[in-house]
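Have a look at the structure below before the remarks.
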Amino acid sequence: MTEAARAPAHDTIIQESWSRCRDYGLTHQSTPHFDPPAPGELSALLESRQALVQTTHQEVLPYYGTILANSNCLIMLADEQGRLLQSWGDQRFIEPRQAAGFVAGASWLERYTGTNAIGTALSCGQAVHIQHDEHFLKANRFMTGSASPIFDEQRRMIAVLDVSSDSYLPPAHTLGMVKMMSQSVENRLILKLFADQYHLLSFNTSLDNLDSPWAGLVVFDERGHVVSANRRADNLLGQSLTYGTIEQLFDVPLQQLLNQPDGQPFSLRTSGHFRFHARVRRPARPAPIQARDFRPQAPTPVPEEPPLRALSLGDARMDKAIRLAERLLEKDIPILVQGETGAGKEVFVKALHHASSRASQPFIAVNCAAIPAELVESELFGYEKGAFTGASQKGHIGLIRKAHKGTLFLDEIGDMPLRVQARLLRVLQERCVQPLGSSELHPVDVRLISATNRPLRQDVDSGQFRADLYYRISGLNLELPPLRERSDKQALFQRLWEQHREPRQWAGLSREVVELFERHPWPGNLRQLSSVLRVALVMADEQPIRAEHLPDDFFLDLPTDAPAQAPAEIDASDLASQYQACGGNISYLARHLGLSRNTLYKRLREQGVRP
């Protein structure tokens with residue numbers, strides 16, 4: 001998010017970065033240490049990132065040549081450890097004493113070089129713009145830059161793209177450009193990985209932008225299972241596409257989608273009645289044709305949103321939220337749902353929508369944190385044709401008008417830029433939308449429900465959120481409890497197991513796994529629980545889910561009793577005593593034995609130990 005869009009949020013990023021720098025023992029007068037790797041390590045680093053560098057250089061940068069041609073700026077690509085992989089452009093502005101920081105292998109982590117675009121983007125996980133005097137080290141204040149993280153198909157941060165210069169770079173423009181470039185790299189990596197074997201669906205609000213970096217991209221197989229998606233697809237649909245099926249996302253039978261002419265645009269509607277332009281590309285190397293069973297098959301049940309009352313499983317705080325929400329279902333009173341990330345806010349809001357008289361009307365979910373700040377206004381309020389450079393010649397109706405007669409769900413509303421908050425307040429007061437570049441007002445009738453994981457009252461006090469908008473959206477405040485505090489956890493474990501299992505999987509959860517689930521703090525809440533169960537069901541197949549079927553990162557947050565004294569020698573022949581000596585710490589014992597956790601679990605069982 002740019003400083004121009006939301007100065008307090010940007011200031012917070014800088015303040016937190018400077019605080020980290022002090023913790024690292026740096027001062028403003030410290031000399032940058034770029035921690036160069038050994039020659040052998042550098043060769044291995046560059047070889048392992050060769051595909052990423054080539055994709056950026058050959059398939060993305062040619063479309064952004066004007067950046068290099070019209071300014072004395074430098075584009076840099078660094079890996080997830082902040083090590084510079086490659087740079088392109090003008091290096092004449094680099095001060096000689098800083099030249100070591102602009103060669104391959106140089107590290108731009110904050111602990112070595114203080115606050116800077118690359119290192120700070122890695123630390124906060126989002127795009128940042130660092131002005132001259134915002135660098136913690138005075139030695140780096142000769143330059144300014146913008147950097148944006150690059151994520152792979154599994155949403156893991158794998159690199160950072162940076163644009164730097166010694167002259168002024170306008171924050172909003174440069175941030176928007178570097179975000180678009182990083183999104184282009186992400187899209188290209190997804191295409192390279194999946195285009196040969198899977199179907200690719202690209203979609204956008206405008207027909208002219210189907211090939212732009214801001215088009216949604218969904219990868220799916222012949223059965224309609226979503227294999228991967230870019231972050232823009234999440235933004236357009238207002239939900240995470242990590243799992244699920246194509247028919248759950250779009251209101252179209254799978255076979256009809258598969259029969260679309262290859263590469264030809266068509267109109268597509270989401271399950272929430274949101275219309276897009278779309279295009280399907282078939283696999284470059286399709287799988288061999290399999291014989292088809294033409295015998296009549298039982299119809300596949302269509303997944304439905306859980307009814308509101310189905311969310312009540314015995315937790316007093318959830319039951320109270322449901323009762324209060326039910327009383328306001330048909331009232332023109334906005335609702336603000338608060339809760340930690342992954343606590344089920346969107347599922348709750350969808351249940352409210354389907355329980356109301358607006359159930360047959362559009363449900364439009366907008367993730368305010370996911371849409372780039374530069375695009376929020378045009379996405380929400382729409383625009384007239386030719387309203388700005390790059391605007392579609394057909395214009396854009398905007399998400400608020402698409403929700404007319406239905407429900408508008410503004411998720412993560414606390415991350416909405418201040419200037420957009422002002423326009424939204426006017427829409428809520430006047431019940432009219434004025435698109436960008438237009439003088440015409442369009443009446444809208446929407447039921448507004450907002451959600452946040454931020455302390456909005458504190459944001460109001462600090463000036464990060466408008467007080468008048470806060471009181472407009474918070475007619476009724478509902479707080480969903482985190483999973484670790486819910487009293488109906490066992491019912492939730494059973495419910496989500498039922499939801500994700502295959503019909504042939506009846507064995508359920510073992511007692512040891514239920515106990516582990518009860519002890520777990522679940523920092524990712526219901527979203528994390530769903531992910532863990534999906535992995536465990538695949539690993540367990542038709543067996544009961546046991547500890548060895550759980551993903552490794554599940555155990556990282558699990559509280560364990562640290563051993564009073566580590567054993568001097570560990571003998572794998574007597575695991576029972578070693579298990580007791582380690583205080584039951586599976587991670588510790590597996591690490592010292594050089595075994596995987598799954599293998600250790602199996603061997604403990606063979607010796608009669610049930611961890």
Test salt bridge (Lys or Arg N to Asp or Glu O under 4.0 Å) applied to R49 and E80, step by step: CA-CA 11 Å; R49 299 296 195 276; E80 74 280 5; 2.8 Å; yes

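- Annotation for L533 and W497: closest pair CD1-N, 3.8 Å, computed over non-hydrogen atoms.
- The pair E186-R232 does not meet the salt-bridge criterion, since no charged nitrogen lies less than 4.0 angstrom from a carboxylate oxygen.
- Distance check, rounded to the nearest 0.5 Å: CZ of R501 to CD1 of I545 gives 11.0 Å.
- Side-chain atoms of M76 and S164, non-hydrogen and from C-beta on, do get closer than 4.5 Å to each other.
- R279 has no carboxylate O lying under 4.0 Å from a charged side-chain N of D262, or vice versa, which leaves the two without a salt bridge.
- Using a 4.5 Å heavy-atom threshold, the side chains of M318 and L313 count as separate.
- No side-chain heavy atom of E479 sits under 4.5 Å from any side-chain heavy atom of V337.
- Here T270 contributes atom OG1 and I364 contributes atom CD1; the two are 6.0 Å apart, rounded to the nearest 0.5 Å.
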Evaluation steps, salt bridge (Lys or Arg N to Asp or Glu O under 4.0 Å), between D79 and R83: CA-CA 5 Å; D79 71 359; R83 293 199 178 277; 5.8 Å; no

Stepwise salt bridge (Lys or Arg N to Asp or Glu O under 4.0 Å) test for D411 and K345: CA-CA 8 Å; D411 197 9; K345 297 187 291 292; 5.2 Å; no

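- Without hydrogens or angle criteria, K192 side chain to L189 main chain gives no donor-acceptor distance under 3.5 Å.
- Take F517 and apply the ring-ring contact (aromatic ring centres under 6.0 Å, His included) test, not counting sequence neighbours, and it matches F493, W522, F554.
- For the residue pair Q361 / H404, no side-chain donor-acceptor distance below 3.5 Å is found, with atom types taken as modelled.
- Taking 4.5 Å as the limit, some side-chain heavy atom of L529 sits within range of a side-chain heavy atom of L483.
- Side-chain rings of F250 and F276 stay apart, their centers remaining 6.0 Å or farther from each other.
- For E412 (side chain) and A451 (main-chain N/O), no donor-acceptor pair under 3.5 Å exists by modelled atom type.
- Of all heavy-atom pairs spanning I473 and S450, the tightest one is CB-OG, 4.0 Å.
- Evaluation of the side chain to side chain contact (heavy atoms under 4.5 Å, CB included) rule for E247 yields T245, P253, L254 as partners, not counting sequence neighbours.
- Applying the 6.0 Å contact sphere to CD of E498 captures more than 12 heavy atoms from other residues, nucleotides or ligands.
- Within the 4.5 Å cutoff, the side chain of R447 has no heavy atoms near those of the L352 side chain.
- By the 6.0 Å contact criterion, CZ on F381 is enclosed, its count of non-hydrogen atoms from other residues, nucleotides or ligands being greater than 12.
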Chi angles and distances behind the salt bridge (Lys or Arg N to Asp or Glu O under 4.0 Å) call for D557, R484: CA-CA 12 Å; D557 299 312; R484 64 183 175 276; over 6 Å; no

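- How far CG of L210 is from CG of L217: 11.0 Å, rounded to the nearest 0.5 Å.
- Between the side chain of S17 and the backbone N or O of I13 there is no donor-acceptor pair closer than 3.5 Å.
- Under the 4.5 Å side-chain criterion, counting only non-hydrogen atoms from C-beta, V218 is in contact with I246.
- Counting only distance, with no hydrogens or angles, the side chain of S182 and the backbone of K179 share a donor-acceptor pair below 3.5 Å.
- Note: L84 CG to I118 CD1 = 6.0 Å, rounded to the nearest 0.5 Å.
- Side chains of H57 and L77 form no contact here, defined as non-hydrogen atoms less than 4.5 Å apart.
- Separation of atoms CG (D162) and OG (S87) is listed at 10.5 Å; rounding is to 0.5 Å.
- Partners of F151 under the ring-ring contact (aromatic ring centres under 6.0 Å, His included) rule, at least two apart in sequence or in another chain, do not exist in this structure.
- Contact annotation: the side chain of P551 approaches that of V535 to within less than 4.5 Å [non-hydrogen atoms, C-beta and beyond].
- Between the OG1 atom of T56 and the CD atom of E59 there is a distance of 9.0 Å, given to the nearest 0.5 Å.
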